[in-house]
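Heads up, the thing below is written out as structure tokens.
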Amino acid sequence: MRRWWQHPVSVILLLIFFPPAGIALAWLTHWSTAKKIVATALSLLWFVVILVSDPKTPQDDAKSKTAPKHTVEQSAAASPAPRRSEPPSYVGKTLKEARDGAAADGYNAVSHDASDGDAKQWDADNWHVCFQKRAKQAGPKPTLDFGVVESAAPCPDKDGNPIPWPKMPDVGGWTFAKAAEAVEKTGITKVEAQGAYTDVTPPAEPDDWKVCFQEPEANKEIRNPEQQTAYLKVAEPGTSCPRSEGSKLHPEPDPPGRGDDDSNTSGGSTSSGGSGDATGSWPVKRPGSFCSPAGARAVSSSGTPLVCGPASDGRNRWHA
């Protein structure tokens, strides 16, 4: 009668789960030599695989479930980023944005007027950064010095140089449409057409009218152009420009008698009814005509004495 360890099933199980014992029992069985060699080789191969595979133990599995998982990205995020050799650029930002950004990046911030002036930056929102540089460090943090100008001003070409404000172009003789386009390039957004003649009103869109006068004048420096209005005084096509501003295209005629200072004498003397009359030497004037000086005396053609004095219109006229 076979014992349990001589049974083929027991030998095979030992070859699988405990190869050393299984190999020893295989050679004590009545198997053929070829079967014993094959069983031994397979069991040894299986034994080697088990040795080198390093399977996890239950304790290792428990540890892996409770231990926190760290990734490369998480580790990198947890560690503070090394300070860059050069600070980030804040040029183009408002002074307030630049100060806040510098503080967040670990820098102190100071500022100065980047133009040739020395204005103080009381309202940080109303200044923008043109230049930045490192300043002398005071304390544990490095310091950035911002060169700034007011928001409406362009940056100078170099820190400390004058602000290159735009200048009003000379648009005399241009059409209104072309002149308005050139003026708007300075930053002026309001361009208004006015009549070059005070008694002529241009239409709503006088594009082909000719510019006679302009305000601001040509080549004048335009400060804060977005707050200014340009006035272009234009004349209708085919109409020449006036010699001076304030002229009328159709002036009113002079009042009757203006400048009537000529004597209406007959032979250089007057006959008023008798020789030796004092009025005989006075010039003959038309009542109501202009005269000068006040208090002067004359006679009408009928011989009525006239005196020069203020009339109802406030001007000096001859009256009885």
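FYI, the numbering just counts along the sequence from 1. Values below: every heavy atom of this structure, side chains too, minus hydrogens, waters and symmetry copies.
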Margin query: Would D113 and Q121 count as a side chain to side chain contact (heavy atoms under 4.5 Å, CB included) here? Give the steps.
Written below: CA-CA 8 Å; D113 190 339; Q121 300 85 56; 4.2 Å; yes

Distance in Å, [X] [atom1] paired with [Y] [atom2], rounded so as to fall on 0.5 Å steps:
| X | Y | atom1 | atom2 | answer |
| --- | --- | --- | --- | --- |
| I222 | I188 | CD1 | CD1 | 4.5 Å |
| E245 | Q194 | CD | CD | 9.0 Å |
| N161 | D116 | CG | CG | 7.5 Å |
| T94 | N126 | OG1 | CG | 10.0 Å |
| H128 | C155 | NE2 | SG | 4.5 Å |
| Y107 | T143 | OH | OG1 | 10.5 Å |

Is there a path from [X] to [Y] through hydrophobic residues (I, L, V, M, F, W, Y) whose side chains come within less than 4.5 Å of each other?
| X | Y | result |
| --- | --- | --- |
| Y231 | M168 | no |
| V110 | L95 | no |
| F290 | V307 | no |
| V149 | Y90 | no |

Is the backbone N or O of [Y] less than 3.5 Å from a side-chain atom of [X], with the two atoms forming a donor-acceptor pair by type?
| X | Y | answer |
| --- | --- | --- |
| E226 | Q228 | no |
| H250 | V200 | no |
| D145 | K133 | no |
| E205 | A177 | no |

Student check: side-chain heavy atoms of [X] and [Y] closer than 4.5 Å:
| X | Y | value |
| --- | --- | --- |
| P310 | N316 | yes |
| P169 | K185 | no |
| W165 | P225 | yes |
| E181 | V191 | no |
| V129 | E97 | no |
| S111 | W127 | no |

Provide the closest heavy-atom pair for [X] versus [Y] in the form atom of the first, atom of the second, distance.
| X | Y | answer |
| --- | --- | --- |
| A196 | A235 | CB-N, 4.2 Å |
| L232 | Q214 | CD2-CB, 3.9 Å |
| Q132 | P88 | NE2-O, 3.1 Å |
| P162 | P156 | O-CB, 3.5 Å |
| K220 | P216 | CD-CB, 3.9 Å |
| D125 | K96 | OD1-CD, 3.3 Å |

Margin query: For E236 and W209: C-alpha separation, side-chain torsions, deciding distance, then whether side chain to side chain contact (heavy atoms under 4.5 Å, CB included) applies.
Written below: CA-CA 5 Å; E236 188 175 6; W209 286 44; 3.7 Å; yes

Notebook entry, point to check: Is E221 salt-bridged to R223, going by a charged N under 4.0 Å from an acidic O?
Noted result: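 Between R223 and E221 there is a salt bridge, with a charged N closer than 4.0 Å to a carboxylate O.
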
Item checked: Trace of the side chain to side chain contact (heavy atoms under 4.5 Å, CB included) decision for H112 with F131 -> CA-CA 10 Å; H112 66 276; F131 311 98; over 6 Å; no

Next item on the list: Mind running side chain to side chain contact (heavy atoms under 4.5 Å, CB included) on W174 and V183 for me, showing each step along the way?
Entry: CA-CA 12 Å; W174 295 16; V183 171; over 6 Å; no

